[in-house]
There are 2 protein chains.
Amino acid sequence: MNLMQHSDGKETSATRTAYLTLRQMILTGELAAGEKLKIEQLRTRLDTGASPVREALSLLTSDMLVERLDQRGFRAAPASLANFQEILTLRCALEDMALRQSIANATPDWEEKLVLSHHRMKRATADGGIPEFEEAHKAFHMALLDNADSPILLRYCGQLYDLNIRYRYLAAAGTNYRKRNVASEHEDILDAAVRGDASAASDALMNHYRVTGDYLTAPLSDL
Amino acid sequence: MNLMQHSDGKETSATRTAYLTLRQMILTGELAAGEKLKIEQLRTRLDTGASPVREALSLLTSDMLVERLDQRGFRAAPASLANFQEILTLRCALEDMALRQSIANATPDWEEKLVLSHHRMKRATADGGIPEFEEAHKAFHMALLDNADSPILLRYCGQLYDLNIRYRYLAAAGTNYRKRNVASEHEDILDAAVRGDASAASDALMNHYRVTGDYLTAPLSDL
DNA sequence: TTTTGATAAAAAATCGATATTTGTTGACAT
DNA sequence: ATGTCAACAAATATCGATTTTTTATCAAAA
């Protein structure tokens, strides 16, 4: 069945490979927002059949990264300032909920994972490339929420996180996020979370999003 | 391309038909929670090819109504009490948000749609079958939120609504929901919404969910 | 000119067949 | 008896080709 060797050596289906690849291409803007996604074109680009491409696009539809047009194929989800701001607002609402639940369920094991993911993010900030940082950054943010014991909520938070990433890349080709000093903001969140202070952690997280949001709004104002 | 005549005569793709049919079958329990969904079996049952079935299942995966098992096909999402309660909790949180925004944006046009959808639901309660009532009931609840100007939020609310429906069918084969007197609860919500009293409307809506939740928890306790 | 309608090209959706994987059974050795 | 392994059966995943739909082109008519 044409097994694919995934980067780390794990074997995956062609559909999964196509899904991950297309997702990455959309998040980074390699496939531009609003762009028509032609099956044939993607088929050759990913060197796979039409069925896996089609299925991958269907899956991306649920992530709101791809839109399905009636009988006219697919396109990358359009970007707009309104969409960006909606994502920001919802992230604040949902992550506040998730973070408070997560902290309420705090365990030593969770704390350790949290500290670890923060360390890895700092390490990736220092010497990794952008993809490595992005991965570690998401891992940290999701680790904050991961203890919430609410799979659907976490799923939504993850989706919104990814939708937001796309706007980071749009705003500045994904480069200068690290140039702003986010390290202290991340530490504030981590410290409060580990301390078990839900309100402080939530405040710090919301502040982080508000500041980042303001920071990105200007470059995105012409959307 | 094998156009399908949808019930109301609108032409749709085979994929869309399969999606809607399978969704209905899962919501009503015709395809039981946790049940293995074999392509071949569904293919003959829906009288269509493997590709549309496969794509429809992929789409249902994003609705959390179907799970994809690594290389072993699909199954209907399992049901559990924890899942039911998570859905209830999230619905309260998200619909509270959406309803308040909706009311904050109130317009005469929205009010009219709201009243209309409520009337239609009452009418369907009186003389319609279960599917008609279910459709009208969802239309009313979504109409309450529809003015919120937050597409993603509305999407999530719609998803959670559907997930919850499945538990209604599970609890009582979907029959006795109307036997409880929900009419007055619906009227309380409607009145407060039309009056523009967001807090009262939200209280009424939350009460509606809490009561319904309690009502369903007992029959579902053996999940 | 603008509109209309037919025609041709491009693309999407679907089908049928094939290859690959998972699961199952039962003989054989321990 | 129990565990292992090969052969077989069932089901999934994928491909290649076909059908259908949409989009583009262009000539003829208003």
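Below, chain A is the first sequence line, B the second, and so on; all start at residue 1. Values in this document were obtained by computation on a predicted structure and should not be read as measured data.
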Test: salt bridge (charged side-chain N to carboxylate O under 4.0 Å, His left out). Region: residues 137-149 of chain A. Which pairs qualify, not counting sequence neighbours? A:Lys138-A:Asp162
Interatomic distance where CZ belongs to B:Arg16 and P belongs to C:dA12 [whole Å]: 19 Å
For the pair made of CG in A:Leu57 and C1' in C:dA12, what is the distance, rounded to whole Å? 12 Å
Geometric class of the A:His137/A:His141 ring pair [parallel <30°, tilted 30-60°, perpendicular >60°]: perpendicular
Return the set of residues passing ring pair (Phe, Tyr, Trp, His ring centres under 6.0 Å) with B:Phe140 (not counting sequence neighbours), or none when no residue passes. B:His118, B:His186
Summary of salt bridge (charged side-chain N to carboxylate O under 4.0 Å, His left out) pairs that have at least one residue in residues 33-43 of chain A, sequence neighbours excluded: A:Glu40-A:Arg43
Got a sec? Which of residues 29-38 of chain B come in under 4.0 Å of DNA chain D, heavy atoms? B:Lys36, B:Leu37, B:Lys38
Nearest-Å distance, CD1 (B:Ile39) to C1' (D:dT12)? 7 Å
Does the side chain of B:Thr15 get closer than 4.0 angstrom to OP1 or OP2 of C:dT14 through an N or O atom? yes
Report the secondary structure of DNA chain C in dot-bracket form, marking unpaired bases with a dot and bases paired to a different strand with |, and treating Watson-Crick or G-U pairs with both distances under 3.5 Å as paired. ||||||||||||||||||||||||||||||
Between A:Leu42 (CG) and C:dA12 (P), how many Å, whole number? 9 Å
What residues form a side-chain contact (heavy atoms from CB on, under 4.5 Å) with B:Thr89, not counting sequence neighbours? none
For atom CZ of B:Arg43 and atom P of C:dT14, their distance in whole Å: 14 Å
Would you mind telling me which residue lines up with the more 5' stretch of DNA chain D, B:Arg68 or A:Arg72, judged by nearest nucleotide? B:Arg68
Separation of C:dT22 atom C1' from B:Leu69 atom CG, nearest Å, is 12 Å
Can a side chain N or O of A:Ser13 be found less than 4.0 Å away from OP1 or OP2 on D:dT12? no
Using a 3.5 Å distance criterion without hydrogens, assess whether the side chain of B:Arg166 forms a donor-acceptor pair with backbone atoms of B:Ala77. yes
Return whichever of B:Glu40 or B:Ser51 has its heavy-atom-nearest nucleotide of DNA chain D closer to the 5' end. B:Glu40
Tell me which pairs pass salt bridge (charged side-chain N to carboxylate O under 4.0 Å, His left out) where either residue lies in residues 87-110 of chain B, with sequence neighbours left out. B:Arg91-B:Glu95, B:Asp96-B:Arg100, B:Asp109-B:Lys113
Give me each pair satisfying ring-ring contact (aromatic ring centres under 6.0 Å, His included) with a member in residues 66-95 of chain B, each pair once, sequence neighbours excluded. B:Phe84-B:Tyr167
Return the value, rounded to whole Å, for the distance between atom CD of B:Glu55 and atom P of C:dT14. 7 Å
Side-chain contact check for B:Gln71: nearest option of D:dT22, C:dT22, C:dC15 is C:dT22
Please report the distance, rounded to the nearest Å, between CG in B:Leu46 and P in C:dT14. 13 Å
Hits for side-chain hydrogen bond (donor to acceptor under 3.5 Å, both in side chains) against A:Ser150, two or more places apart or cross-chain, chain-then-number order -> B:Glu86
